[in-house]
Amino acid sequence: MANTSSAKKAIRVSGRKAVHNALRKNKIANSLAAVKKMIASSSSREDKAKAMSKLQQALDKAVKAKTYDKNKAARVKSRMSASLKKAAK
């Protein structure tokens, strides 16, 4: 149990941040799954581009909020765009 007022506040703040971080990570996971599903299916090029755009947007927001590392986000974007190009051939 926290003894000082600053420790009590730190517990409250970390709880709020954990909720927001979980929401951001969940959004990224859902977007990533959508892009992978689009790649596997024969969806139109525009649909794939929209799904990729939403994934990139979610990753950029997570980096801005320091939920994800910028290099991890760049790696995910790169791999997904490479697989989209490969699927287009």
Side-chain angles (χ1 to χ4, degrees):
M1 184 64 197
N3 291 327
T4 62
S5 61
S6 62
K8 290 176 184 175
K9 181 180 177 185
I11 290 171
R12 291 193 307 268
V13 170
S14 68
R16 284 195 302 266
K17 286 186 177 186
V19 170
H20 289 289
N21 289 340
L23 289 173
R24 283 188 197 99
K25 287 183 180 184
N26 190 27
K27 188 166 189 169
I28 289 171
N30 290 340
S31 298
L32 193 58
V35 170
K36 287 181 180 180
K37 187 177 179 182
M38 293 277 183
I39 291 170
S41 70
S42 59
S43 299
S44 69
R45 190 174 200 165
E46 293 81 24
D47 291 341
K48 290 178 183 178
K50 284 181 186 177
M52 185 65 186
S53 176
K54 287 191 178 195
L55 173 63
Q56 289 176 341
Q57 186 180 27
L59 286 168
D60 290 339
K61 285 183 179 182
V63 169
K64 185 177 178 182
K66 298 181 182 179
T67 303
Y68 260 43
D69 181 64
K70 66 177 182 174
N71 290 334
K72 178 172 181 166
R75 185 172 61 243
V76 170
K77 287 184 213 176
S78 175
R79 287 179 181 171
M80 285 299 106
S81 63
S83 60
L84 275 173
K85 285 181 185 177
K86 186 177 178 183
K89 289 183 180 180

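Values in this document were obtained by computation on a predicted structure and should not be read as measured data.
- Met38 and Leu55 fall into different hydrophobic clusters, where Ile, Leu, Val, Met, Phe, Trp and Tyr side chains are chained together by heavy-atom contacts under 4.5 Å.
- In this structure, Ser81 contributes its side chain and Lys77 its backbone to a donor-acceptor pair below 3.5 Å.
- For Val13, the side-chain contact (heavy atoms from CB on, under 4.5 Å) partners are Lys9, Arg16, Lys17, not counting sequence neighbours.
- Although no hydrogens or angles enter the test, the distance criterion places no donor-acceptor pair under 3.5 Å between the side chain of Ser53 and the main chain of Ala49.
- Closest non-hydrogen pair, Met80 versus Ile39, comes out as O-CD1, 4.3 Å.
- Within the model, atoms CZ of Arg45 and CG of Leu84 stand 9.5 Å from one another, a figure rounded to the nearest 0.5 Å.
- Residues Val35 and Ile28 share a single hydrophobic cluster, defined by chaining ILVMFWY side chains whose heavy atoms lie under 4.5 Å apart.
- The hydrophobic cluster containing Val63 also contains Val76, counting ILVMFWY residues as joined when their side-chain heavy atoms lie under 4.5 angstrom apart, directly or transitively.
- Within the model, atoms CZ of Arg79 and NZ of Lys36 stand 10.0 Å from one another, a figure rounded to the nearest 0.5 Å.
- Under the 4.5 Å side-chain criterion, counting only non-hydrogen atoms from C-beta, Asp60 is not in contact with Gln57.
- Lys61 has its side chain out of reach of Arg24: every pair of non-hydrogen atoms, C-beta onward, lies at least 4.5 Å apart.
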